[in-house]
Undergrad: 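Okay, here's the structure, questions in a sec.
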Amino acid sequence: MKTIYDVQQLLKKFGTIIYIGERLADLQLMEAEIKELYQSQCLSVEEYQMAILLLRQEMSQVENKEGE
């Protein structure tokens, strides 16, 4: 898993497609879904950690762009 697209594809495997139209809200909802899947033991520790890392990096970039 290397991109947000990969995270979206992981969620899609579980029947979850997220698109609100606002990038930051999409990322936050994806993070909540990833946490829920991990707590349900549907994801490995590695998948969970990588997905959360990618989402938080992207959220940080979006927040920085909005702050400019």
Undergrad: Measuring from Gln28:CD to Glu22:CD, what's the distance to the nearest 0.5 Å?
TA: 8.0 Å

Undergrad: Could you give me the CA-CA distance, side-chain angles and deciding distance for Ile52 and Lys35, then say whether side-chain contact (heavy atoms from CB on, under 4.5 Å) is met?
TA: CA-CA 8 Å; Ile52 293 295; Lys35 285 181 181 179; 4.3 Å; yes

Undergrad: Between Ile4 and Leu54, which heavy-atom pair has the shortest distance, and what is it?
TA: CD1-O, 3.6 Å

Undergrad: Please evaluate residues Leu53 and Gln49 with respect to the criterion side-chain contact (heavy atoms from CB on, under 4.5 Å), reporting the C-alpha separation (whole Å), side-chain torsions for both, the decisive distance (0.1 Å), and the verdict.
TA: CA-CA 6 Å; Leu53 176 67; Gln49 289 175 335; over 6 Å; no

Undergrad: Provide the closest heavy-atom pair for Met1 versus Leu10 in the form atom of the first, atom of the second, distance.
TA: CE-CD2, 3.8 Å

Undergrad: Begin from the C-alpha positions of Leu24 and Glu63 and carry the test side-chain contact (heavy atoms from CB on, under 4.5 Å) through to its verdict.
TA: CA-CA 8 Å; Leu24 190 56; Glu63 289 169 349; 4.1 Å; yes

Undergrad: Heavy atoms only: give me the nearest Gly21-Asp26 pair and the separation to one decimal.
TA: N-OD1, 3.6 Å

Undergrad: How about Glu36: does its CD atom have over 12 heavy atoms from other parts shown lying under 6.0 Å from it?
TA: no

Undergrad: To the nearest 0.5 Å, what is the distance between CD on Gln8 and OG1 on Thr3?
TA: 8.0 Å

Undergrad: For the atom pair CD1 (Ile34) and CG (Leu55), what is the distance rounded to the nearest 0.5 Å?
TA: 6.5 Å

Undergrad: Among the clusters formed by ILVMFWY side chains lying less than 4.5 Å apart, do Val62 and Tyr19 turn up in the same one?
TA: no

Undergrad: May I ask you to check whether over 12 heavy atoms, not counting those of Gln41, lie within 6.0 Å of atom CD?
TA: no

Undergrad: From Glu66 CD over to Arg23 CZ, what is the distance, rounded to the nearest 0.5 angstrom?
TA: 11.5 Å

Undergrad: Between atom CD of Glu47 and atom SG of Cys42, what is the distance when rounded to the nearest 0.5 Å?
TA: 10.0 Å

Undergrad: Spell out, as yes or no, whether a donor-acceptor pair under 3.5 Å connects the side chain of Ser60 to the backbone of Arg56.
TA: no

Undergrad: Start with the C-alpha distance between Val7 and Leu27, add both sets of side-chain angles, then the distance that settles side-chain contact (heavy atoms from CB on, under 4.5 Å), and finish with yes or no.
TA: CA-CA 10 Å; Val7 175; Leu27 295 168; over 6 Å; no

Undergrad: CG of Leu11 to CD of Glu33: how many Å apart, nearest 0.5 Å?
TA: 6.5 Å

